[in-house]
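First up is the structure itself, then whatever we jot down about it.
The basis for the numbers below is simple: all heavy atoms, side chains too, and nothing from hydrogens, waters or symmetry mates. Sequence positions, counted from 1, serve as the residue numbers for this chain.
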Amino acid sequence: MPHRPPLAPSPLLRALTPALLTLAEDLTGTMFCVKDTEGQYVLVNDAFVRRTNERSRRGVVGRTAVQLFDPLLAARYDAQDRTVLTEGRELRRELELIRRPGGTPGWYLTSKSPVRAEDGTVLGLVSISQALRGQDADPETIASLHRVADLVRERIAAPPSVADLATAAGCSAATLDRRLRRVFGLSPQQYVLRARVDHAAALLGGTDLPVAEIAGAVGFYDQASFTRTFGRLTGETPAQFRRAARDADAGQPATAGLPWPTPPARDTMGT
């Protein structure tokens with residue numbers, strides 16, 4: 001596909017407020033992009049550029065996901081975009097494991113929204129992907145989430161329900177949801193899923209266990225179900241992830257960005 005930069009200024013960019021575009025420049029840890037209805041990037045920030053193999057925004061603008069990312073990852077992005085562009089529906093806080101250049105993956109929450117003209121016509125979409133980082137909280141919250149983390153770790157092969165997690169935390173399901181979102185930015189279901197995929201990634205990168213055995217070890221009833229879920233979250237099959245882990249530098253393994261989702265240490269909170 002030829003590299004065709006979009007015309008400027010485009011109706012899509014005119015539909016976005018200057019204030020929004022200015023703020024996007026300051027998002028150092030959040031990927032920001034604007035895409036047109038043909039899937040071309042018309043605006044990106046530096047954090048987005050760092051997710052590609054390009055060195056500047058000029059190398060990204062006018063190109064499509066398939067030209068910038070691995071095929072599976074590009075296919076996932078295109079599927080998300082079709083939902084936003086054809087159905088006009090927002091994608092809210094989709095949990096994704098995105099590989100950084102050099103092989104190290106990291107967890108992100110991705111949101112996408114359609115951009116419309118005054119007559120309602122969809123002109124494109126705007127997207128952000130925010131890197132997940134644990135936040136401090138009060139001692140009671142930290143203590144309860146450590147109990148949750150312990151339970152998930154103990155039952156990684158038979159994942160606990162939200163009710164089980166709330167019981168371990170000593171609070172209601174609604175309170176647990178608020179606490180997890182405050183510390184991790186995740187719902188209880190997303191927290192458990194992240195823990196399972198983190199553990200699977202560590203096993204893929206650090207052992208020679210068969211994929212089917214790893215699937216059972218992280219609570220999937222068969223290899224096919226595990227492969228579908230892993231691919232949806234990472235854009236890679238388990239086999240591809242394993243190869244990337246083994247190809248990574250010895251000092252920077254592909255699973256280095258996958259710490260177990262554990263709350264901040266208790267002693268940092270004076271407990």
Side-chain angles (χ1 to χ4, degrees), residues 1-4 6 12 15-16 24 30-45 47-54 60-101 105-116 120-132 185-187 189-190 192-194 196-198 200-201 204 211 215 220 222-244:
M1 182 180 297
H3 181 171
R4 181 173 64 84
L12 173 56
L16 297 170
T30 300
M31 298 162 58
F32 172 88
C33 72
V34 179
K35 301 176 77 171
D36 63 20
T37 55
E38 296 181 3
Q40 292 184 110
Y41 294 98
V42 299
L43 186 71
V44 297
N45 66 354
F48 186 95
V49 173
R50 291 193 295 270
R51 296 291 311 119
T52 73
N53 289 323
E54 298 297 329
V60 174
V61 170
R63 304 180 72 183
T64 63
V66 73
Q67 294 172 312
L68 294 169
F69 300 104
D70 290 336
L72 278 175
L73 194 60
R76 188 176 81 205
Y77 291 162
D78 286 343
Q80 292 175 345
D81 294 348
R82 281 196 300 272
T83 298
V84 176
L85 295 172
T86 63
E87 301 178 22
R89 291 197 293 115
E90 292 186 338
L91 179 76
R92 299 293 296 169
R93 297 173 63 81
E94 180 85 2
L95 183 65
E96 299 183 309
L97 184 66
I98 301 176
R99 187 178 298 282
R100 300 183 179 96
W107 285 103
Y108 289 77
L109 286 177
T110 296
S111 296
K112 298 184 177 184
S113 296
V115 179
R116 300 179 185 273
T121 303
V122 175
L123 301 173
L125 62 83
V126 59
S127 171
I128 61 171
S129 291
Q130 182 179 11
L132 289 180
L186 301 173
S187 69
Q189 295 90 339
Q190 288 175 322
V192 173
L193 185 57
R194 175 186 162 173
R196 294 167 68 193
V197 173
D198 277 356
L204 288 167
V211 172
F220 288 89
D222 62 20
Q223 181 175 338
S225 175
F226 169 62
T227 298
R228 284 194 301 272
T229 300
F230 195 88
R232 176 175 62 84
L233 287 171
T234 70
E236 298 176 290
T237 66
Q240 288 172 322
F241 187 94
R242 171 168 272 171
R243 284 196 295 272

Exercise. Tell me, do Trp107 and Val197 make a side-chain contact under 4.5 Å, heavy atoms counted?
Worked result: yes
Seminar exercise, completed: In this structure, OG1 of Thr83 is separated from CZ of Arg89 (nearest 0.5 Å) by 5.5 Å
Problem set entry | Closest non-hydrogen atom pair, Asp78 against Ala65 | OD1-CB, 4.1 Å
Seminar exercise, completed: Nearest heavy-atom approach of Arg51 to Phe69 is O-CE2, 3.7 Å
Exercise. So among Val115, Val84, Leu12, Leu43, which one has a side-chain contact (heavy atoms from CB on, under 4.5 Å) with Val126?
Worked result: Val115
Problem set entry | Atom pair OG1 (Thr30) and CZ (Phe48), whose distance is rounded to the nearest 0.5 Å | 13.0 Å
For this session: Check whether any side-chain heavy atom of Pro114 sits under 4.5 Å from a side-chain heavy atom of Glu90, and report yes or no.
Result: yes
For this session: Verify, without hydrogens or angle tests, whether Arg93 (side chain) and Gly185 (backbone) share a donor-acceptor contact under 3.5 angstrom.
Result: yes
Exercise. Closest approach of Asp36 and Val42, non-hydrogen atoms and distance?
Worked result: OD2-CG1, 4.1 Å
Exercise. What is the distance from atom CZ of Phe32 to atom OG of Ser129, rounded to the nearest 0.5 Å?
Worked result: 11.5 Å
Exercise. Between the main-chain N or O of Leu233 and the side-chain N or O of Arg76, is there a donor-acceptor pair closer than 3.5 Å?
Worked result: yes
Exercise. Between atom CD of Glu54 and atom OH of Tyr41, what is the distance when rounded to the nearest 0.5 Å?
Worked result: 12.0 Å
Problem set entry | Gln240 side, atom CD; Leu73 side, atom CG - distance, nearest 0.5 Å | 10.5 Å
Exercise. If every non-hydrogen atom of Gln40 is compared with every non-hydrogen atom of Gly62, which pair is closest and at what distance?
Worked result: OE1-O, 2.9 Å
Exercise. Hey, what's the ring geometry for Phe241 with Phe230, parallel, tilted or perpendicular (30° and 60° as the breaks)?
Worked result: perpendicular
Exercise. Would Ile128 and Met31 satisfy side chain to side chain contact (heavy atoms under 4.5 Å, CB included), going step by step from the backbone distance to the final call?
Worked result: CA-CA 5 Å; Ile128 61 171; Met31 298 162 58; over 6 Å; no
Exercise. Looking only at heavy atoms, which two atoms of Gly120 and Arg116 are closest? And how far apart?
Worked result: O-NH1, 3.1 Å
Exercise. Any side-chain heavy atom of Val34 sitting closer than 4.5 Å to one from Leu125?
Worked result: no
Problem set entry | Heavy-atom closest pair, residues Val211 and Leu204 | CG2-CD2, 4.3 Å
Exercise. Do Val60 and Leu68 come within less than 4.5 Å of each other through their side chains, counting heavy atoms only?
Worked result: yes
Exercise. With a 4.5 Å heavy-atom cut-off, do Leu186 and Leu109 have their side chains touching?
Worked result: yes
Exercise. Does the side chain of Thr227 come within less than 4.5 Å of Phe220's, by heavy atoms?
Worked result: no
Exercise. Mind checking whether Arg194 and Leu95 have side chains closer than 4.5 Å, heavy atoms only?
Worked result: yes
Exercise. Just checking, any donor-acceptor pair under 3.5 angstrom between side chains of Gln80 and Glu96?
Worked result: yes
Problem set entry | Arg196 side, atom CZ; Phe226 side, atom CZ - distance, nearest 0.5 Å | 9.5 Å
Exercise. Is there a side-chain contact between Thr64 and Glu38, using heavy atoms and a 4.5 Å cut-off?
Worked result: no
Exercise. For Glu94 and Thr110, does a side-chain donor sit closer than 3.5 Å to a side-chain acceptor?
Worked result: no
